[in-house]
Asker: 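Okay, handing you the structure first.
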2 protein chains.
Amino acid sequence: MAADETAPAPRGKVTITEIARRAGVSVPTVSRVVNGRSDVSPATRARVEDLLRLHGYRKRSAALPSRAALLDLVFNDLDSPWAVEIIRGVEEAAHAAGAGTVVSAIHGRSGDAGEWMRNLRARASDGVILVTSALEPPLHEQLRILGVPLVVVDPMGSPAFDTPTIGAANWSGGLAATEHLLSLGHRRIGLIAGPPRLLCSRARFDGYRAALEAAGVAIDASLVVPGDFHPESGFTGCNTLLDLPEPPTALFAASDQMALGAIEALRRRGLRVPEDMSVVGFDDLPEVRWSAPPLTTIRQPLADMGQLAVRTVLRLARGERPDSPRVELGTELVVRASTAPPAPVL
Amino acid sequence: MAADETAPAPRGKVTITEIARRAGVSVPTVSRVVNGRSDVSPATRARVEDLLRLHGYRKRSAALPSRAALLDLVFNDLDSPWAVEIIRGVEEAAHAAGAGTVVSAIHGRSGDAGEWMRNLRARASDGVILVTSALEPPLHEQLRILGVPLVVVDPMGSPAFDTPTIGAANWSGGLAATEHLLSLGHRRIGLIAGPPRLLCSRARFDGYRAALEAAGVAIDASLVVPGDFHPESGFTGCNTLLDLPEPPTALFAASDQMALGAIEALRRRGLRVPEDMSVVGFDDLPEVRWSAPPLTTIRQPLADMGQLAVRTVLRLARGERPDSPRVELGTELVVRASTAPPAPVL
DNA sequence: CTGAAAGCGCTTACAG
DNA sequence: CTGAAAGCGCTTACAG
């Protein structure tokens, strides 16, 4: 029995000659579409793009027969200390698969995004891993056309696209952090929240609320202050809580960095952790094992998330479906020295 | 006047056809040398390799006419918190030059190094930046043959090769840290040193010694304890110093991480920083602004070092000579809250 | 807007 | 160990 003529060729193995034959156009025309030139009729372009996508076309060359695979890992900014954790996981898994990891930051500047896209195309990247990043919808679309698979780590919102996402169990983490403080006997528990536009912030907040509700503790809106995950906001947030007529006896910071900022605010006032205030963070950055005192926090498996992201893009690149389009990796309470029962009321 | 036939063509623009003509061999032969095949006579190979190097040959293709530049940034391990600082500087400068940054870790495993070399070749990297990394001499040689420029950041020792290196003013930093403590009135100053096989450790140690000598303070060998830059070694090193019959009143840790470990050792004994012990670190990692207390330290311009490394490889890639083969960027004392005059003797 | 033709840089059998 | 020949995937004028 002859091979099915209409079946897609193996991913990444198809040539423009093959695509041209199937589309019923010439090789130069396909070349023009691939290179994004303007002198192609919309109808032809659409037909060719469909075929390109269907067959997972990747630009190759007789000269460079087996180009090493390249994965793009894209951050908004590289100043976040958990970036290195994700890089570590991604590099490890990519290396194991024989792929190189191209790290970049787009700095939120949308002008950069277009340039980044050109670079991506020029280096013929085999897959893109986006971290908490708002890559605009038109760029998603361009990646689709180029046939470059995409996965999002720590999604900002629920992507409207058929893009796999990998996150952490943020709600469970918020719940566990708050339950831990409740179990120590705290009833007035402050929250320094993350930016509400981020999905992970809302989930952590809801976990906090759910734990309080389950314990029958009324939610006091004045105990919830906004933050942006950076230490400065933890510092000011903690000061706001301490200036309350009736301050909390414990606080949950939605990031380790904010927890560190909060501890500094306490130290400046001569308050001790955990004797005067218990603090729990979120992330378990390597450095908080060595903060003073060592921080009780919610461990987020950043390196594992990076590894899973690599396996998922690679799967996509081979034309396979991911196991699941939305994955949440488990979080875990790590108890160290920054939490204790509340001081007895004298 | 005709163009000089023997002059090298512009870097990166030469083809194997051109090299073949100059070497007086056929195009396939050059192709074999470029791809490291074994079936070429040593004499022919040597002649072709010389020409390849001289002209800065880079593999290209008619199909991929202007491949995006790619720079390889190589760490021993990605677990160091200052890795992200260097990545940030490198990514920024590389991005500005339109190049992608491939980050990898070779984990000291020498088996990995060979594989990494193959990947580097396959992805046709345009330059390599090595960070505190022992890339074995044979690999240096391979890079030379491939014509891939190399620069070393924070060199482990004095490289025996004609490789540009970029470091920090470690000796001056060690001097400044110690002078700061002396100026506060400390006379018994402990040192938690870095691994002596590293150039930077020895320079920091010598700076410490020079400052003490200049102040007429005798060096007490029992006040110098070994460390490996990680927090654990700062923790145990500090305990060793505290168990001395006459402990120091201040200590200089040759890395921020060791300083954090030392502070934790002090905290566990109920000793306060800086009241009972002054501590100064080295690096100025972003996180130590938020340690408890905020750490006095020596700022090492890691991101700037990364940026300079990029400019230097790129220069090399264009066939230009670097401004200077050995560069040391300035370090700077940053005074925060972990240092104070010694407690008055009662 | 499209294709036939020429050409690019490189590689792979093949023959010696 | 080496080269003449054929071929690869892709692109670039050029003509219509």
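This structure is a prediction, so every number in the text was calculated from the model and none was measured.
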Asker: Is the phosphate of C/dC10, meaning OP1 or OP2, less than 4.0 Å from a side-chain N or O of B/Ser31?
Answerer: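 For B/Ser31, the contact criterion (side-chain N or O under 4.0 Å from OP1 or OP2 of C/dC10) is not met.
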
Asker: Identify the heavy atoms of B/Leu150 and B/Thr163 that sit nearest to each other, and give their distance.
Answerer: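 Smallest heavy-atom distance, with atoms named: O-CG2, 3.6 Å.
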
Asker: So which pairs with a foot in residues 86-102 of chain A pass salt bridge (Lys or Arg N to Asp or Glu O under 4.0 Å), sequence neighbours left out?
Answerer: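 Only A/Glu85-A/Arg88 qualify under salt bridge (Lys or Arg N to Asp or Glu O under 4.0 Å).
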
Asker: Not counting sequence neighbours, which residues clear side chain to side chain contact (heavy atoms under 4.5 Å, CB included) with A/Thr44? List them please.
Answerer: A/Val25, A/Thr29, A/Val40, A/Ser41, A/Arg47, A/Val48

Asker: Let me confirm one number: the CD1-CD1 distance from A/Ile86 to A/Ile129, rounded to the nearest 0.5 Å.
Answerer: 9.5 Å

Asker: Using the side chain to side chain contact (heavy atoms under 4.5 Å, CB included) criterion, which residues pair with B/Pro28? Sequence neighbours excluded.
Answerer: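 Only B/Ser26, B/Arg32 meet the side chain to side chain contact (heavy atoms under 4.5 Å, CB included) criterion with B/Pro28.
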
Asker: Could you state the CZ-C1' distance from A/Arg21 to D/dC10, rounded to the nearest angstrom?
Answerer: 18 Å

Asker: Could I get the full list of side-chain hydrogen bond (donor to acceptor under 3.5 Å, both in side chains) partners for B/Arg311, not counting sequence neighbours?
Answerer: none

Asker: Do A/Asp126 side-chain atoms and A/Leu71 backbone N/O form a donor-acceptor pair below 3.5 Å?
Answerer: no

Asker: Of all residues at least two apart in sequence or in a different chain, which pass the side-chain hydrogen bond (donor to acceptor under 3.5 Å, both in side chains) check with A/Asp304?
Answerer: none

Asker: Requiring both pairing distances under 3.5 angstrom, list the stems that contain DNA chain C and are made of three or more consecutive Watson-Crick or G-U pairs.
Answerer: C:1-3 with D:14-16, C:5-12 with D:5-12, C:14-16 with D:1-3

Asker: Give every pair of a protein N or O atom and an N or O atom of nucleotides 1-4 of chain C that lie under 3.5 Å apart, one pair per line with the distance.
Answerer:
residue : atom : partner : partner atom : Å
C/dT2   : OP1  : A/Ser41 : OG           : 3.0
C/dT2   : OP1  : A/Thr44 : OG1          : 2.4
C/dT2   : OP2  : A/Ser41 : N            : 2.9
C/dT2   : OP2  : A/Ser41 : OG           : 3.4
C/dT2   : OP2  : A/Thr44 : OG1          : 3.4
C/dG3   : OP2  : A/Ser26 : N            : 3.0
C/dG3   : OP2  : A/Ser26 : OG           : 3.1
C/dG3   : OP2  : A/Thr29 : OG1          : 2.7
C/dG3   : N7   : A/Arg32 : NH2          : 2.7
C/dG3   : O6   : A/Arg32 : NH1          : 3.3

